[in-house]
Amino acid sequence: MTKSFNTAGDCKPQMHYMVDITKRLKQIQGMIDKGEYFMISRGRQYGKTTTLRNLKQFLEPGYLVVSLDFQKIGNARFQNENLFSTAFTRLFVKAVRQQILFEPELVKESVRMLESTAQGSAYFGLLELFDCLSSICAESAKPVVLMIDEVDSATDNQVFLDFLAQLRAYYIDRDLTPTFQSVILAGVYDIKNLKQKIRPEEEHKRNSPWNIAANFDIDMSFSAADIEKMLEEYEQDRHTGMHTAMIAGLLYDYTCGYPFLVSRLCQILDETVAGSPAFLDQASAWTKEGVLEAVKMILSEKNTLFESLANKLAAYPKLKELLYTALFSGERISYNPDNDIFDIAAMFGFIKNNRGIMAVANRIFETRLYNLFLSEDEVSSRIFAVSSMDKNQFIQGGQLNMDLVLKKFMACWDELYSSADEKFVEENGRKFFLLYLKPIINGVGNYYVESRTRDNRRTDIIVDYRGKQYIVEIKIWRGNEYENRGMKQLAGYLDAYNAKKGYLVSFNFNKHKITGAREIQTGEKHILEVVV
């Protein structure tokens, strides 16, 4: 069977190219060996199901692993204890039946007792269910591990909270009453947020229905080295001649190892970029230029991950406000895990804690958010309208004339916003430059904002257009000393991109400022600055 990259459902090693997650599985087994109960809470399509299914096989030599999926229990089954307990029993018995063929006869009898007790009894509830489960745990030759995927399907139901309470009670009494060695729940919503969904009143927000859960701090993202090993397997099969370390580094730079995004970019390179008019074969696709093309494609497509992101912004206005402020104001926002909106954003996988500062999780998400927010301003933006009318003049010989882009932006700004005050520019300068740039490169090029340099004084924008990159710094003028230091910083930053030329847009509020464009030579680097 020919392997492929997969973004639909869990990844199977025999069918799909995938990152080796053995190290992660060993770390999780360490938690199970210690008897810990925990929640694997990660954003949509972060590899939770793939991890659980591979974990089941990994654990089976030493554990009786019962793996359930709560998507198979319809909402109607959560109306009362009897319906839920009966449905849970059916899933449990089906999952465990094949695994107990070589277990002691007492275990088989306990399973049969569970099944018969649940059938047709209007009095079979959580108490009876857990009595039977405890008997199975007592008789099993191996410690029993319970894994439940897609617990989000149950989080709006009080019966599920009661189920968690029973798990908690048995965990506390595990020295007296046989119970599961470990329980693993998986879903987007963390357990500590479940009661917030059921009972939104302030006094219940911080109450966890499962406060026995250990922290799950295992990194489930892919490192550049992880991605490289996956690409090496692909290369052994396809012989593209790619530089696996370089391509892996690029994929990591854009995704920060978000599993779906890594797999989707690889899938686009393999199935869409390769064979296209600009990339006739696999060899030309698996290049830096091919990766940039795949990034452009993923940013313009609809998929379930991006739809989920947009839906969450609509459902949580404060989340949208937080992200908008972080992207456009240039403010360095301290990461606060006790702030509900930070907690929610991190839970969904939208942000990360970058040394105490909040940052959007990866370049793909960040650019997608920029595009979304900018699109909301396009209709009313005069600068966007001007750029849209003039956009054809900036493409010459198939390439972007960035010199002309900056000079025309300067003229447009002076015409529309020359009287704007400093506060207005600090809040809108970056946004207006992107609004001017977007229709010019739309459909062919792409951009992202370099998070390492973004602050309330300067922002570096990297523009990709037909395989060529342009580095544009947007900054607020703060005096000649700061100006000179900024030039050196930009020149040094150009080295990282092997670029000889850079671009600088300076917003200057000095009463005696001289606006216009000037060419600056800093060592071997050439910089075009426009001052508005």
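Reckoned from all heavy atoms, side chains included, excluding hydrogens, waters and symmetry mates. Positions are given from 1, in the same order as the sequence printed here.
- In this structure, Glu289 contributes its side chain and Arg466 its backbone to no donor-acceptor pair below 3.5 Å.
- Salt-bridge check for Lys318 with Asp340: failed, with every basic side-chain N at 4.0 Å or more from each acidic carboxylate O.
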(message) Using the rule given for salt bridge (charged side-chain N to carboxylate O under 4.0 Å, His left out), can you reason through Lys501 versus Asp403, listing the C-alpha separation, both sets of side-chain angles and the distance that settles it, and then say yes or no?
(response) CA-CA 10 Å; Lys501 186 169 185 177; Asp403 290 46; 2.7 Å; yes

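- The distance from the CD1 atom of Ile268 to the CD atom of Glu301 is 4.5 Å, given to the nearest 0.5 Å.
- Tyr447 and Asn371 share a side-chain donor-acceptor pair at under 3.5 Å.
- The aromatic ring centres of Phe409 and Phe433 sit less than 6.0 Å apart.
- The residue from Tyr46, Tyr189, Tyr258 that alone fulfils the ring pair (Phe, Tyr, Trp, His ring centres under 6.0 Å) condition with Phe348 is Tyr189.
- For the pair Thr367 (side chain) and Ile364 (backbone), a donor-acceptor distance under 3.5 Å is absent.
- Under the 4.5 Å side-chain criterion, counting only non-hydrogen atoms from C-beta, His526 is in contact with Glu519.
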(request) Run the numbers on Leu313 and Leu319 for side-chain contact (heavy atoms from CB on, under 4.5 Å), then give the verdict. (result) CA-CA 6 Å; Leu313 294 181; Leu319 171 61; 4.0 Å; yes

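- Between Gln399 atom CD and Tyr465 atom OH the span is 7.5 Å, to the nearest 0.5 Å.
- The 12-atom threshold is not exceeded at CD of Glu524, counting heavy atoms of other residues, nucleotides or ligands nearer than 6.0 Å.
- By the 6.0 Å contact criterion, CD on Glu415 is open, its count of non-hydrogen atoms from other residues, nucleotides or ligands being 12 or less.
- Counting heavy atoms from C-beta on, the side chains of Val405 and Met402 come closer than 4.5 Å.
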(message) Let's go through Val449 and Asp460 carefully: what are the C-alpha distance in whole Å and the side-chain angles of both, what is the deciding distance for side-chain contact (heavy atoms from CB on, under 4.5 Å) to 0.1 Å, and is it a yes or a no?
(response) CA-CA 6 Å; Val449 175; Asp460 285 318; over 6 Å; no

(request) Starting from the C-alpha separation in whole Å, work towards a yes-or-no answer on side-chain contact (heavy atoms from CB on, under 4.5 Å) for Val19 and Arg24. (result) CA-CA 11 Å; Val19 164; Arg24 182 190 307 167; 5.5 Å; no

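- Ring geometry for Tyr448 versus Tyr254: interplanar angle over 60°, hence perpendicular rather than tilted (30 to 60°).
- Distance check: Met15 CE to Asn6 CG gives 7.5 Å after rounding to the nearest 0.5 Å.
- For the pair Lys229 and Glu232, the salt-bridge criterion is not met [side-chain N within less than 4.0 Å of a carboxylate O].
- Figure legend: Arg430 and Phe328 shown without cation-pi pairing, the cationic atom not lying both under 6.0 angstrom from the six-membered ring centre and within 45 degrees of its axis.
- In this structure the side chain of Asp377 never reaches within 4.5 angstrom of the side chain of Phe384, judged on heavy atoms.
- Side-chain atoms of Asp152 come within 3.5 Å of backbone N or O of Val188 as a donor-acceptor pair.
- Side-chain atoms of Ile441 and Asn446, non-hydrogen and from C-beta on, never get closer than 4.5 Å to each other.
- Side chains of Arg238 and Thr2 form a contact here, defined as non-hydrogen atoms less than 4.5 Å apart.
- Considering CG of Asn336 and CZ of Phe342, their distance stands at 6.5 Å, rounded to 0.5 Å.
- Annotation: side chain of His16 is not in contact with side chain of Asp10 (no heavy-atom distance under 4.5 Å).
- In summary, the side chains of Tyr324 and Lys431 do present a donor paired with an acceptor at a separation below 3.5 Å, with no hydrogens or angles considered.
- Of the possible donor and acceptor atoms, none in the side chain of Asn215 sits under 3.5 Å from a partner among the backbone N and O of Asp217.
- Judged by distance alone, with hydrogens and angles left aside, the side-chain atoms of Gln267 form a donor-acceptor pair with the main-chain N or O of Phe5 at under 3.5 Å.
- Closest of all the heavy-atom pairs between Cys266 and Leu251 is SG-CD1, 3.7 Å.
- Taking all atoms of both residues into account, the shortest heavy-atom contact from Leu52 to Ala186 is CD1-CB, 3.6 Å.
- A side-chain donor-acceptor contact under 3.5 Å links Glu235 to the backbone of Gly241.
- Proximity of a side-chain donor or acceptor of Thr325 to a complementary backbone N or O of Glu321 within less than 3.5 Å is detected.
- When atom types are taken as modelled, the side chain of Ser308 and the backbone of Thr304 share no donor-acceptor pair closer than 3.5 angstrom.
- Closest approach of Ala248 and Ala224 over heavy atoms only: CB-O, 3.5 Å.
- Note that OG of Ser223 and OH of Tyr252 are 7.5 Å apart. Values are rounded to the nearest 0.5 Å.
- Using a 4.5 Å heavy-atom threshold, the side chains of Met230 and Val262 count as touching.
- Separating the CG atom in Leu437 from the CG atom in Asn442 is a distance of 10.0 Å, to the nearest 0.5 Å.
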(request) Walk me through it: do Ile461 and Tyr503 pass the test side-chain contact (heavy atoms from CB on, under 4.5 Å)? (result) CA-CA 10 Å; Ile461 299 170; Tyr503 300 87; over 6 Å; no

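- The shortest heavy-atom contact between Lys525 and Ala499 is NZ-O, 3.0 Å.
- Within a 6.0 Å sphere centred on CZ of Arg53, other residues, nucleotides and ligands contribute 12 heavy atoms or fewer.
- Between Gln45 and Thr7, the side chains place no donor N or O within less than 3.5 Å of an acceptor N or O (distance only, hydrogens not considered).
- Across all their heavy atoms, Met410 and Val530 have their closest contact at SD-CB, 4.0 Å.
- For residues 277-311, the pairs satisfying ring-ring contact (aromatic ring centres under 6.0 Å, His included) are Tyr234-Trp286, with sequence neighbours left out.
- Side-chain atoms of Asn311 come within 3.5 Å of backbone atoms of Glu307 as a donor-acceptor pair (strictly under, hydrogens ignored).
- Using a 3.5 Å distance cut-off with no hydrogens or angles, the side chains of Gln282 and Asp270 do pair a donor with an acceptor.
- Across Tyr493 and Ile471, no two heavy atoms sit closer than the pair CD2-CG2, 3.9 Å.
- A heavy-atom distance below 4.5 Å is found between the side chains of Cys412 and Tyr436.
- Side-chain atoms of Ser263 do not come within 3.5 Å of backbone N or O of Phe260 as any donor-acceptor pair.
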